[in-house]
> 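There's a structure below that I have some questions on.
Since we're looking at a predicted model, the values are computed, not measured. Below, read A as the first sequence line, B as the second, and so on, with proteins coming before strands; counting in each chain starts at 1.
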Amino acid sequence: MQMLKRIVQPLIIEALSSMGVEQMPVEKMLQPSRELDQGDLALPCFPFAKRLGMAPAEIAEQLAKHVAEHPAIGEVSGVNGYLNIRANPVWIVEQLMEFGTQGSHPSPNRSVLIEHTSANPNGPFHVGRARNAILGDTLVRLHRLFGNDVTAEYYVDDMGKQVAVLAWALEHLSAEDVEAQLVGREPVNPSWKGKADHERVRWYQAAQAIRQGDESADEIEKIIGTMVHASENGDEAVLASFQAAYQPVLEGMLSTLGRLGIHFDRFTKESIFVTNGDVGRLMERLGNLEINGEADNGAQYLDLGARGLKGKTEFFYRRGDGSSLYATRDIAYHMWKWTQGGDLINVLGEDHKLQAKQVGMTLEELGEQRPEVVFYSFIKLPEGKMSTRRGNVVFMDDLLEEAKEQAAVVVRELRPHYEEEKISTIAEAVGTSAVRFNIIKVSPEKGFTFRWEDALTFEAGSAPFIMYSHTRACSIRKRVENEVGPIETVLSGNTEPEDNFSDGLITLLRVLAVHQDRVEKAVNDHRPHLFAEHMLHLANAYNAFYRDCHILSDGEVNGFYLWLSELARSIMKDGMEGLGLVAIEEM
RNA sequence: GGGCGUGUAGCACAGCUGGAUAAUGCACCGGCCUCCUAAGCCGGAGAUCGCGGGUUCGAAUCCUGCCACGCCCGCCA
């Protein structure tokens, strides 16, 4: 309704002025109506009461009479102290025909680098870790929908202790050794035999077990320590052995994400910033800062307390032995990212809040900007926190398989005449979409408890609900093409609206009119769940339109209805792509 | 102990840059398939917005105190 507001605002300022009220922040006060029954925009008149010495209700009524007429305005009324403005549906139609949902002010094209997921390549995704990927990828998609130029980036942790442990285990332990270590634990699900993220993680887990108990632990610890140290000094051979260890695992993880429609444009390895000298140079610069401090053993830190950080104020960036820490490399990484020419957005778990703050403050201390960060809370299970070690975990691979299976059961029941291949295609689309939607529809900062029954819901409020509305539009399109002729031909005929607009029609027009506002809000505030909710509204509105407006009856097409249905269809399709839902045409 | 976040119907969740009758879904009750896919549509019932104080014409929203839960407070990543 930004387009309506741009028109109405000056008219209201004028009307107010004619009543003797000047210089009020109308821009801020004029807002989308909370009571949708009352109109599209509302202006509370309470603040004018004192100045005019009139009751707000009366002011609103008077004001309504003073607002000049305009083709965009359907109705102006004063109710309960609010000035309500209703858009003229015919005007909305004209706007949509001319500009689509974008309105006459197209969005600016911004360049953005979004880093998300960046999970250590040491095991399969579980539902908890996947929240980052789904949130990040949805952000990527929504920015693209908005018209921004996005790079989706995965920062690969290729040099920490975790990778070293994995590399050590793969080199020193046989399959028998591994299984001997893991006797009490659940075996690999046979479905994932051969998938490296599921298989190699056993080596990692076995090594962890040995490191904790075995009498040889100290010796192993020493070897691993040497490897870590070598990697941090940029030892090419060690880094190569690390990569050989983790790469297949990473690929397994990425194939899981791929099934969810999540892809990356670029992978950047942490080790690069060590081997190219950036980290060394960075530490030198940090050492020259006035807030630099040094510990007894030569370790160095910044005193961020001097810059207002509360709690633990010392931020260590260099160990006593001179090597860098994870956060140090992260700073170097961010400095490089800023050279790529775009805004930076990171998606991080809430456990990284402090670290992100330290990195951000340090970047500012160096004269750089801090990135925008979207934090999310962890997903837990009804039984408590997810933990691979305790076996309290839901793997994304298992969830997707189960989701597909459940979806297939529903399709088989609802469409008994479909062939198995078609059922499988639909079930895959429905299953993966439902999983994504279930996670993206809640605000990121909200703690989230994963429940199978919620993830596998295919009713209203879920992805399939949106998908279903879309298939209705597709189905109509197909029927028109079969029974009447090519869509373009039909639409090039008469698409003039009739006089009477039914409720369902108006409902759909109003939702389409705010579509671009919703995209913009979700993108600018980094809150994809707002867009998810809007898509539910849109699907619901299409269903209302579908109920009230028959496009095809007795072989006759209503051109206007068809035009609107086609517009809604393409908006739904784009919106679904923005959320990573698969826009199938039949279900 | 300190920092950050969360607390809204039986369950889940939106609204939080202050504004009308707190939105939505599940579950519950009732209605709609000789009519473009009923994974749908229509109606009903259900809420001391964690608790107390404050600011305001007006507070779920802002301030403050308390309570509960989560995350963090490594020379780990």
Side-chain angles (χ1 to χ4, degrees), chain A residues 28-29 31 33-38 42-47 49-50 56 79-82 84 120 122 157 159-163 228 270 295 297-301 309-314 316-321 323-327 329-330 349-355 357 375 377-378 380 385 407 410-411 413-415 430 434 441-443 445-449 451 453-454 457-469 471-480 483 504 529-530 532-533 536-537 539-540 543-544 546-554 557 561-562 565 586-587:
Chain A
K28 229 183 148 184
M29 293 166 66
Q31 56 202 264
S33 196
R34 306 227 165 179
E35 299 297 315
L36 274 182
D37 297 343
Q38 297 291 351
L43 181 81
C45 295
F46 308 96
K50 208 170 272 178
V79 181
N80 295 337
Y82 291 84
N84 292 317
N120 288 340
N122 61 2
D157 180 4
M159 58 183 305
K161 198 170 251 180
Q162 306 205 40
V163 197
V228 172
E270 190 180 338
N297 66 349
Q300 288 182 291
Y301 61 87
L309 184 66
K310 289 178 201 149
K312 187 184 179 312
T313 58
E314 292 170 350
F316 279 89
Y317 63 87
R318 184 178 193 147
R319 292 197 187 91
D321 66 4
S323 61
S324 64
L325 287 110
Y326 175 81
R329 287 168 237 138
D330 203 25
E350 59 178 341
D351 56 335
H352 280 68
K353 275 188 180 175
L354 176 60
Q355 171 126 30
K357 193 162 199 173
F375 293 105
S377 294
F378 292 115
K380 50 185 192 300
K385 203 173 159 178
V410 174
V411 183
E413 193 184 310
L414 262 28
R415 315 274 181 260
V430 168
K441 75 175 179 193
V442 319
S443 49
E445 65 273 14
K446 190 86 100 185
F448 186 103
T449 302
R451 291 186 182 82
E453 60 269 32
D454 293 342
T457 291
F458 301 140
E459 294 166 304
S462 71
F465 173 79
I466 299 168
M467 296 166 77
Y468 185 72
S469 296
T471 60
R472 279 179 152 174
C474 290
S475 166
I476 289 169
R477 179 189 173 85
K478 252 176 252 165
R479 286 189 72 130
V480 170
E483 295 174 26
H529 71 281
L530 296 179
E533 189 170 282
L536 289 173
H537 285 308
N540 191 245
N543 288 338
Y546 180 89
R547 175 195 68 219
D548 287 348
C549 304
H550 280 237
I551 293 158
L552 194 61
S553 50
D554 305 325
V557 176
Y561 291 167
L562 178 65
S565 179
E586 256 184 310
M587 62 187 276

> In the structure I gave you, are the side-chain heavy atoms of A:Lys353 and A:Lys357 within less than 4.5 Å of one another anywhere?
no
> Considering only nitrogen or oxygen atoms on both sides, find all protein atoms under 3.5 Å from nucleotides 54-63 of chain B and state each distance.
from  : atom 1 : to      : atom 2 : distance (Å)
B:A60 : N6     : A:Arg34 : NH1    : 3.3

> Using the C1' atoms only, state how far B:A12 lies from B:C28, rounded to an integer number of Å.
16 Å
> For a quick check of understanding: with a heavy-atom distance under 4.0 Å over all strands, which category does A:Asn84 fall into, base, sugar-phosphate or nothing?
base
> By the rule that syn is within 90° of 0, classify the base conformation of B:C33 as syn or anti.
syn
> For nucleotides 72-75 of chain B, print each protein N/O atom paired with a nucleotide N/O atom at under 3.5 Å, atom names and distance only.
from  : atom 1 : to       : atom 2 : distance (Å)
B:C75 : OP2    : A:Lys312 : NZ     : 3.0
B:C75 : O2     : A:Asn297 : ND2    : 3.3
B:C75 : O2     : A:Gly320 : N      : 3.0
B:C75 : N3     : A:Asn297 : OD1    : 2.8
B:C75 : N3     : A:Asn297 : ND2    : 2.6
B:C75 : N4     : A:Asn297 : OD1    : 2.9

> When the C1' atoms of B:C49 and B:C16 are considered, how many whole Å apart are they?
11 Å
> Hey, which of these two, A:Asp37 or A:Val228, hits RNA chain B nearer its 5' end, going by closest nucleotide?
A:Asp37
> What's the closest nucleotide to the side chain of A:Gln38 if the choices are B:U21, B:A39, B:A38?
B:U21
> Please enumerate all protein N or O atoms sitting under 3.5 Å from an N or O of nucleotides 45-47 of chain B, with distances to 0.1 Å.
none

> Using a 4.0 Å heavy-atom cut-off across all strands, classify A:Ser475 as base, sugar-phosphate, or nothing.
base
> Could you pick out which residue, A:Ser377 or A:Tyr546, lies toward the 5' side of RNA chain B when each is mapped onto its nearest nucleotide?
A:Ser377
> Side chain of A:Arg319, backbone of A:Ser324: donor and acceptor closer than 3.5 Å?
yes
> Measuring only the C1' atom in each nucleotide, how far is B:A27 from B:G44? A whole number of Å is fine.
15 Å
> Does atom NZ of A:Lys312 have more than 12 heavy-atom neighbours, drawn from other residues, nucleotides or ligands, at distances under 6.0 Å?
yes
> For nucleotides 9-14 of chain B, print each protein N/O atom paired with a nucleotide N/O atom at under 3.5 Å, atom names and distance only.
from  : atom 1 : to       : atom 2 : distance (Å)
B:A14 : OP1    : A:Ser443 : N      : 2.7
B:A14 : OP1    : A:Ser443 : OG     : 2.3
B:A14 : OP2    : A:Lys446 : NZ     : 2.6
B:A14 : O2'    : A:Glu533 : OE1    : 3.0
B:A14 : O2'    : A:Glu533 : OE2    : 3.0

> Base, sugar-phosphate alone, or nothing: which one does A:Cys45 contact when heavy atoms must sit under 4.0 Å apart?
nothing
> How is the base pairing of RNA chain B summarised as a dot-bracket string, given the Watson-Crick and G-U wobble criteria with both distances under 3.5 Å, [ ] for crossing and | for another strand?
(((((((..(((......[....))).(((((.......))))).....(((((..]....))))))))))))....
> Keeping the roles fixed (side chain from A:Gln31, backbone from A:Met29), state whether a donor-acceptor pair exists under 3.5 Å.
yes
> Below 4.5 Å, heavy atoms only, C-beta onward: do A:Arg415 and A:Glu586 meet side chain to side chain?
no
> Please give the distance between the P atoms of B:U24 and B:C41 as a whole number of Å.
12 Å
> Base, sugar-phosphate alone, or nothing: which one does A:Arg329 contact when heavy atoms must sit under 4.0 Å apart?
sugar-phosphate
> What distance do A:Lys441 atom NZ and A:Asp454 atom CG have between them, rounded to the nearest 0.5 Å?
6.5 Å
> Could you tell me how far B:C42 sits from B:C4 if I compare only their P atoms? Round to whole Å.
45 Å
> Could you tell me whether the side chain of A:Thr449 and the main chain of A:Lys380 form a donor-acceptor pair under 3.5 Å?
no
> How far apart are the closest heavy atoms of A:Ile551 and A:Ser565, and which atoms are they?
CD1-CB, 3.5 Å
> Within the structure shown, what part of the strands sits under 4.0 Å from A:Glu453 by heavy-atom distance: base, sugar-phosphate, or nothing?
nothing
> Please produce a list of atom pairs where a protein N or O lies less than 3.5 Å from an N or O of nucleotides 25-29 of chain B.
from  : atom 1 : to       : atom 2 : distance (Å)
B:G25 : O3'    : A:Ala460 : O      : 3.4
B:G25 : O2'    : A:Ala460 : O      : 2.9

> In Å, rounded to the nearest 0.5 Å, how long is the span from CG of A:Asp157 to OH of A:Tyr326?
6.0 Å
> Please measure how far the P atom in B:U8 lies from the corresponding atom in B:C62, and state the result in whole Å.
16 Å
> Please measure how far the P atom in B:U48 lies from the corresponding atom in B:U61, and state the result in whole Å.
16 Å
> Which is true for A:Met587 with a 4.0 Å heavy-atom rule: it touches a base, it touches only sugar-phosphate, or it touches nothing?
base
> Base, sugar-phosphate, or nothing: which does A:Phe465 touch, judged by heavy atoms less than 4.0 Å apart?
sugar-phosphate
> Any side-chain N or O of A:Arg472 less than 4.0 Å from the OP1 or OP2 oxygen of B:C36?
no
> Ring stacking, A:His550 with base of B:C36, under 5.5 Å and under 30°?
yes
> Which heavy atom in A:Ala539 sits nearest to a heavy atom in A:Ile466, and how many Å separate them?
CB-CA, 3.8 Å
> Rounding to the closest angstrom, what is the interatomic distance between B:U21 and B:G58 at atom P?
15 Å
> Supply the atom-to-atom distance A:Met587 CE to A:Ser475 OG, rounded to the nearest 0.5 angstrom.
12.5 Å
